[in-house]
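Beneath this line is the structure, given in structure tokens, with notes to follow.
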Amino acid sequence: MHDIRVLRERLEDLRAAMRARGVEVDLDAIIRLDAERRRALTEAEALKNERNVVSKEIGRLRKAGQDTAERQAAVRAMGERIAALDAETQRAEAERDALLLRVPNIPHSSVPVGPDASANVIVRTWGEPRSFSFPPKSHVEICERLKLVDFARAARMTGAGFHIFTGVGARLERALIQFMLDLHTQRHGYREVSPPFVCNTAAMTGTGQLPKMAEDMYFIPADDLYLVPTAEVPVTNIFMQEIISEPLPIKMTAYTPCFRREAGAAGRETRGLIRVHQFDKVELVKFVEPETSYDELEALVRDAEDILQALEVPYRVVALCTGDLSFSAAKCYDIEIWAPGQNAWLEVSSCSNFEDFQARRAGIRYRNAQGKPAFVHTLNGSGVALARLYVALLENGQQSDGSVTLPPAIRPYLGGLERLEPSA
RNA sequence: GGAGAGGUGGCUGAGUGGCUGAAAGCAACGGUUUGCUAAACCGUCAUACUGGACCAAAUCCGGUAUCGGGGGUUCGAAUCCCCCCCUCUCCGCCA
């Protein structure tokens with residue numbers, strides 16, 4: 001959410017930012033409601049002041065044994081007007097904030113301007129896509145042949161978009177989670193947390209999933225809880241409504257499953273593990289001082305890249321343009337890995353700086369150098385998303401005999417296993 | 001799920017419907033004293049919104065609200081009433 005002062009004082013900047021995003025928002029309505037709110041508020045406060053003054057006087061006079069009936073009647077008469085003004089203030093504020101919650105963040109000046117993903121900029125590429133002496137298979141075939149994943153049985157109990165990891169396939173998934181957590185905690189200095197997999201409306205609003213993304217999330221009405229679409233939500237909200245007292249930056253990493261309804265997406269491009277309703281992810285979250293947040297973003301991307309380098313998966317880093325930026329982000333890099341069986345780059349990480357956009361919504365503050373409460377900057381990125389990483393490992397590691405060679409870094413987590421082979 | 005107890009500022013902890021935005025202590029910050037540390041003494045020390053001074057920021061002068069959250073009673077609520085949330089204890093259920 002924006003500071004309302006941005007609308008009052010930097011309205012043209014905000015309009016330009018919305019144009020760059022290709023987003024239509026009625027900023028004038030917000031300005032109008034804000035003015036209405038302040039008008040009613042100012043008048044109400046003046047009346048309340050009068051009421052407070054007279055009430056104190058009544059207290060004094062009564063103690064002195066004097067009659068106060070006339071004054072009491074006068075104050076009582078003010079009550080109706082005050083109540084009406086309070087209601088007006090609340091209405092205007094609620095309407096203003098409802099609109100304000102739907103205004104996306106302002107892209108950072110370094111973000112490339114463009115209408116959609118076609119204007120994204122490839123920042124760097126790592127590793128060489130392997131050349132094959134045979135037509136590389138899709139991970140779906142590999143999974144079936146090696147019995148790593150059971151799609152059909154999952155579909156019977158949950159429908160399309162879910163899967164069962166089986167046998168060594170399940171162990172590989174677990175190994176990857178542990179490998180990533182270990183690397184981030186031991187080498188990159190992140191604190192491991194294991195948060196709830198459901199969050200309430202306030203938390204979802206705090207990080208910006210609500211109100212706009214309500215349709216994309218699984219919701220449990222009986223308890224007013226949403227299944228988390230990303231660990232970003234429960235981890236960022238660890239400090240909701242707090243003034244953080246420990247020194248910044250704070251770096252946290254968490255494994256959670258991620259649940260996404262993403263209705264309507266199915267077909268050739270999303271077969272297998274590419275787009276699923278539930279997938280595992282190790283997330284990185286940072287709470288930092290505003291001055292350092294863009295340096296911290298670069299470091300965050302490197303931390304995620306380390307995983308892919310260790311696993312020897314070719315990837316590229318893409319700077320998202322203004323039109324492709326997600327709602328809460330001021331700047332974002334995607335990391336995409338090469339999947340030869342798909343002949344495509346797959347997004348496995350989105351690393352974003354939200355500046356104070358989430359912190360303002362969620363009420364996450366720290367004490368600045370002057371000792372005054374100020375909003376922190378929040379960042380997060382996948383470090384990295386499973387399922388698609390799994391796809392890339394299988395498709396990149398596949399051999400002509402149908403086996404899959406595993407990268408050395410993951411082998412210790414699989415009891416030294418070097419390759420996945422068909423079993424009887 | 002049932003019964004009871006509780007939720008006050010960064011922390012601990014007072015608070016009979018008006019003199020309480022809130023005692024006291026601790027912590028923090030500024031200063032005096034001091035060879036350094038420590039101690040002592042003096043002072044400052046909640047947040048948000050809002051009106052004004054100012055081009056603006058910082059700042060200053062006012063106002064309003066906030067004692068878990070939301071309603072209510074009253075001229076006036078931390079204090080009385082109702083609903084909800086959370087914590088603790090006991091019981092029930094349960095991986």
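By convention in this document, chain letters (A, B, ...) are assigned in the order of the sequence lines, proteins followed by strands, and residues within each chain are numbered from 1.
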Checklist entry - Using atom P of each nucleotide, how far apart are B:A65 and B:G76 to the nearest Å? => result 11 Å
Item to check | Same-atom distance (P) from B:G63 to B:G68, integer angstrom | outcome: 25 Å
Next on the checklist: For a side-chain contact (heavy atoms from CB on, under 4.5 Å) check, start with the C-alpha distance between A:L183 and A:H188, then their side-chain angles and the critical distance, and finish with the verdict.
Outcome noted: CA-CA 7 Å; A:L183 191 131; A:H188 299 146; 3.1 Å; yes
Next on the checklist: Before we go on, tell me: are the rings of A:Y226 and A:Y218 under 6.0 Å apart, centre to centre?
Outcome noted: no
Item to check | Heavy atoms of other groups near A:M18 CE, more than 12 under 6.0 Å | outcome: yes
Checklist entry - A:R60 CZ to B:G76 C1': how many Å, rounded? => result 13 Å
Item to check | Residue matched to B:A46 through Watson-Crick or wobble contacts both under 3.5 angstrom | outcome: B:U66
Checklist entry - Which whole number of Å gives the distance between the C1' atom of B:G21 and that of B:A77? => result 14 Å
Checklist entry - Of the residues in residues 66-90 of chain A, which ones touch RNA chain B at a heavy-atom distance under 4.0 Å? => result A:Q72, A:V75, A:R76
Checklist entry - Can the positive tip of A:K251 be found less than 6.0 Å from the middle of the six-membered ring of A:Y190, inside 45° of the ring normal? => result yes
Next on the checklist: Checking base pairs now: Watson-Crick or wobble, both atom distances under 3.5 Å. What partners B:A95?
Outcome noted: none
Item to check | Name of the residue among A:F151, A:F279, A:Y390 meeting ring pair (Phe, Tyr, Trp, His ring centres under 6.0 Å) with A:F165 | outcome: A:Y390
Checklist entry - What is the distance, rounded to the nearest whole Å, between atom CZ of A:R62 and atom C1' of B:G17? => result 11 Å
Item to check | Counter-base of B:C88, judged by Watson-Crick or G-U geometry with both distances under 3.5 Å | outcome: B:G4
Next on the checklist: Can you build the contact string for nucleotides 53-64 of chain B? Use B for base contact, S for sugar-phosphate-only contact, and - for no protein heavy atom under 4.0 Å.
Outcome noted: ----S-----BB
Checklist entry - Expressed in angstrom and rounded to an integer, what is the separation of A:K56 atom NZ from B:U74 atom C1'? => result 17 Å
Checklist outcome for this item: Separation of B:A48 atom P from A:D3 atom CG, nearest Å, is 11 Å
Checklist entry - Heavy atoms under 4.0 Å, any strand shown: does A:R37 hit a base, just sugar-phosphate, or nothing? => result sugar-phosphate
Checklist entry - Distance between the C1' atoms of B:A5 and B:G9, in whole angstroms? => result 24 Å
Item to check | Greater than 12 external heavy atoms within 6.0 Å of A:E291's CD | outcome: yes
Item to check | Partner nucleotide of B:G51 by Watson-Crick or wobble geometry (both distances under 3.5 Å) | outcome: B:C61
Next on the checklist: Within a 6.0 Å radius of atom CZ on A:R71, are there more than 12 heavy atoms belonging to other residues, nucleotides or ligands?
Outcome noted: no
Checklist entry - With rounding to whole Å, what would you report as the distance between B:G13 and B:G71 at their C1' atoms? => result 29 Å
Next on the checklist: Could you walk me through whether A:E192 and A:T253 satisfy the side chain to side chain donor-acceptor pair (under 3.5 Å) test, starting with their C-alpha distance in whole Å, then the side-chain angles of each, then the deciding distance to 0.1 Å, before giving a yes or no?
Outcome noted: CA-CA 5 Å; A:E192 183 173 345; A:T253 184; over 6 Å; no
Checklist entry - Got more than 12 heavy atoms from elsewhere within 6.0 Å of CD, A:E80? => result no
Checklist entry - Taking atom C1' in both B:G1 and B:A78, what distance in whole Å separates the two? => result 32 Å
Checklist entry - Looking across every strand, which nucleic acid part, if any, lies under 4.0 Å from A:R360 by heavy atom: base, sugar-phosphate, or nothing? => result nothing
Item to check | Over 12 foreign heavy atoms within 6.0 Å of CZ, A:R15 | outcome: yes
Next on the checklist: What's A:R365 touching, base or sugar-phosphate or nothing? Going by heavy atoms closer than 4.0 Å.
Outcome noted: sugar-phosphate
Checklist entry - Rounded to the nearest Å, what distance is computed from the CZ atom of residue A:R361 to the P atom of nucleotide B:A48? => result 20 Å
Checklist entry - Atom CD of A:E242 to atom C1' of B:C11: distance rounded to whole Å? => result 14 Å
Checklist entry - If we take the P atom in both B:G25 and B:G43, what is their distance in whole Å? => result 12 Å
Checklist entry - For atom P, what is the distance between B:A27 and B:U33, given to the nearest Å? => result 23 Å
Next on the checklist: Under a 3.5 Å cut-off for both contacts, is B:U32 paired Watson-Crick or G-U wobble with anything, and if yes, with which nucleotide?
Outcome noted: B:A40
Checklist entry - Rounding to a whole Å, what distance do you find between A:K63:NZ and B:G76:P? => result 18 Å
Checklist entry - Which sits closer to the 5' end of RNA chain B, A:I4 or A:I58, going by the nucleotide each is nearest to? => result A:I4
Checklist outcome for this item: Paired to B:A78 by Watson-Crick or G-U wobble criteria (both distances under 3.5 Å) is none
Item to check | For B:A24, the Watson-Crick or wobble counterpart (both distances under 3.5 Å) | outcome: B:U12
Checklist entry - Out of A:D182, A:D306, A:D303, which one pairs with A:R187 under the salt bridge (Lys or Arg N to Asp or Glu O under 4.0 Å) rule? => result A:D306
Checklist entry - Whole Å only: how far is the CG atom of A:D223 from the C1' atom of B:C84? => result 15 Å
